[in-house]
Amino acid sequence: MADIEQNSAPVRNPVTAHPPVRQMTAVQRFFLSNEFGLIVLIVLFTIIFASISPMFLSNFSLYAMGRTAAVNIMIGFSMMVVIVTGGLNLGVGAIGVCGAMFGGWLMQAAGLHWLPACFGALIVGALLGATNGVMIVKSGLHSFIITLATMSVMFGAMIFLTQAESFREISPAFSTLGRMKILAVLSPMLLTAIVIGVLLWLAFKFTTVGREILAAGANARAAELSGIRVGRMITYAHALSGVLAVVAGLMLVSRTGAAIPSMAGQLGQDWLLPAFLGPVLGGNLLTGGRISVLGTFLGAFLVTMLTTGLLLMQVGAFWVQTYLGLLLLIAVLLDLARRSYLARNKLV
Amino acid sequence: MTQHITKSDWFGPFVVSVAAIIVVGILKPSFLTPFNIQILLLAISVNALVAFAQMVIIGIGQMNLSVGAIGGLAAISFAGMMEVWGLPWPIAAMLALAVGLLAGVLNGALVALTGVSAFVITLATLSVFKGINLGITEAQPFYEIPEAVKWIGNASLFGTIPLLFFPFAITAIALWYFLFRLPLGRTILAVGGNSHAAELSGISVPKAEIVAHAISGVLAAMAGIMLVARLELGQPSIGDDWLILSFAAPVIGGALLTGGRISVAGTCCGVVIIAIITQVLVLFNIDPFLVQVVLGLLILWAVGVNRLREIRGQRHVPGGAA
């Protein structure tokens, strides 16, 4: 990795240089964590929105929110697994759309059952992601510029191949999945996101590969010296990111009942903000090495909730983007403040 | 002296653009008609300002995702102030530039004061600016552009050199002079080359960052205003597709994304190459959808070449500043 380590994040004091850290129980630690802050915010905003508009807690609203949240959570996960390596993936949207379009093509043109079609789409996502990873590792360039270039290539190639036409003949079984309601409020998509979240948590906590990806992200050189193949780990992370992006894309296909090339905007850029909002709100360090699956999950959920609430309050759909941008700014500033507070009081 | 020229950052892209012009000119004589040259120059003039807006930030070793959003916001401010408030166009243009300046200063101040990576800050401000743009316009264009502005946007000298070429040319020279001859400009490049060393030698890094982002904002606003004149329309979607372009041109022109090394002439050559390729795809009836693919491949090729040059440079000059 070439280091565009531009004044990123505050300096983290090496643990050794610290005076003895104050001992804390797991519970105390949790109260100081990002995740706890997010839960407080989610509860707070639920109360606020529910008191302003009783519609907010209606079955339909909760169901719709869960469905939208599932997509945002997957987009956030997709960026998260690359952020932990200290890199970025601007191509989340482009890969997601490419995979989803391929899935749509398999269902419509090749007439496949939706299960193998989705599987094929996920493989395309993994391949596209792995291509990014290999190019980043081989060139030694920062992932920013590589994924910027490949998102243009991938999206352009997809538009060229499909001639910007949608695939509308999606297998009915697949689109039913997107409209199905479990217990009147729960979408299978949200369930999928929860399951994938648990799997990711397990993978990064307990498997060798997961832990090695984290180690590579925390300190590439140290990881290399201790025998971790850093290049391979970065490639794995990007491949995983591709798969997760395609899951998000397929969720959208299932929800709308069509694979539409513009579902993530020009070059997939519309996914960029949600992709960063989740992980940044969730307290993942942009310099890599630390992962918070639960934080990303809650972060993406909070974003969805705020969007829904703002729309219900009729602030005008056009302004929502401004609020989300401000939210990202506030999240970054609060995180800085929280971390300097913790450091000053020697709590970490 | 010749060696000095062939080794400079802009020489490679320059040779490529001249060769491309000759080859395409021979294959398609219509390419070099005055009318076509005028179209090319128009595209180059606007795109170059977009590229400059990113180039300055690349020079300081950061990135600015909000170039397009600032350009769009300035564009609709310009058109909106003329239509809704009935301001004369020079005043509207100045105020729109001020919007760009303000947006840039905001970016710079946030980056400098918080120390958070410019990527995240400009991603956030990108959606703030774009949201304001959409909130004001509700995605509807401003149609009533004064005749004078329309004339400026489409008139040309001798049928070949568009009037909009002049703001671009003046900006390019001024920017070169500022970055490579004035102390403040050199400060920006010094911070980009090695911010720690720059700080130790008494340079105020936050000041350099704010200045760089402010310039970037003004340049993006200029590009937006010029596009309004050219399109004769205050489109809210102006700037949406600038992201790839803004990185492609400086990188093709030899800029290193690690900062400190940019070239105004090289960036201009990058813009020329992109303009020629876009035109060629049209002239030879190749699918215009492929433009994105070609742009992406160009970036990959350019960063690859730059990386090789960087590695080779380090090998030749041990400890290597170039």
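Computed from a predicted structure; not experimentally measured. Every chain is numbered from 1 and lettered A, B, ... according to where its sequence line falls, protein lines coming before strand lines.
- In terms of heavy-atom pairs under 4.5 Å with chain B, the best-connected choice from A/Val280, A/Thr150, A/Leu328, A/Val320 is A/Leu328.
- Heavy-atom distances place no part of A/Phe155 under 4.5 Å from chain B, backbone and side chain included.
- Within the 4.5 angstrom heavy-atom criterion, no atom of A/Leu327 approaches chain B.
- Among B/Val303, B/Val291, B/Leu308, the residue making the largest number of heavy-atom pairs under 4.5 Å with chain A is B/Val303.
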Check your understanding: Could you walk me through whether A/Gln321 and B/Ser127 pass the side chain to side chain donor-acceptor pair (under 3.5 Å) check?
Key -> CA-CA 6 Å; A/Gln321 204 175 1; B/Ser127 61; 5.3 Å; no
Practice item. Please step through side-chain contact (heavy atoms from CB on, under 4.5 Å) for the pair A/Leu90 and B/Phe119, ending with a clear verdict. Key: CA-CA 11 Å; A/Leu90 296 193; B/Phe119 178 87; 3.5 Å; yes
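- Contact annotation: the side chain of A/Val153 approaches that of B/Leu297 to within less than 4.5 Å [non-hydrogen atoms, C-beta and beyond].
- Rounding to the nearest 0.5 angstrom, the gap separating the CG atom in A/Leu148 from the CD1 atom in B/Ile299 is 5.0 Å.
- Between the side chain of B/Arg307 and the main chain of A/Leu141, no donor-acceptor pair closer than 3.5 Å is present.
- Heavy-atom distances place the side chain of B/Leu65, and not its backbone, under 4.5 Å from chain A.
- Contact of A/Met151 with chain B is made through the side chain alone, with heavy-atom distances under 4.5 Å.
- For a residue to count as touching a neighbouring chain, one of its non-hydrogen atoms must lie under 4.5 Å from one of that chain's; by this rule A/Leu277 does not touch chain B.
- Annotation: residues 273-282 of chain B contacts chain A through no residue [non-hydrogen atoms, separation under 4.5 Å].
- Between A/Phe144 and B/Phe247, the closest side-chain pair of non-hydrogen atoms falls below 4.5 Å.
- The residue among A/Leu88, A/Leu326, A/Leu324 with the most heavy atom pairs within less than 4.5 Å of chain B is A/Leu88.
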**Study point:** Criterion side-chain contact (heavy atoms from CB on, under 4.5 Å) on B/Asp241 and A/Gln266, from CA distance to verdict
**Key:** CA-CA 7 Å; B/Asp241 51 357; A/Gln266 167 80 0; 4.3 Å; yes
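- Considering CG of B/Leu243 and CG of A/Leu272, their distance stands at 8.0 Å, rounded to 0.5 Å.
- Proximity to chain A among residues 129-140 of chain B is limited to B/Lys130, B/Gly131, B/Ile132, B/Leu134, B/Gly135, B/Ile136, B/Glu138, B/Ala139, judged by heavy-atom separations below 4.5 angstrom.
- Here B/Leu290 is the residue among B/Leu290, B/Asn306, B/Val251, B/Leu295 with the most heavy-atom pairs under 4.5 Å with chain A.
- Under the 3.5 Å distance criterion, the side-chain polar atoms of A/Ser152 are left unmatched by any main-chain donor or acceptor of B/Val293.
- B/Thr114 places none of its side-chain heavy atoms less than 4.5 Å from the side chain of A/Val332.
- Using a 4.5 Å cut-off between heavy atoms, A/Gln163 touches chain B through backbone and side chain atoms alike.
- Of the inter-residue distances, the one linking A/Leu333 atom CG with B/Leu113 atom CG reads 10.0 Å to the nearest 0.5 angstrom.
- Rounding to the nearest 0.5 Å places CG of B/Leu106 at 7.5 Å from CG of A/Leu329.
- Side-chain contact between B/Leu257 and A/His142: absent, with no pair of heavy atoms (C-beta onward) separated by less than 4.5 Å.
- Rounded to the nearest 0.5 angstrom, A/Gln269 CD and B/Ile244 CD1 are separated by 7.0 Å.
- The part of B/Leu110 that comes within reach of chain A is its side chain, from C-beta onward, which places non-hydrogen atoms under 4.5 angstrom from that chain.
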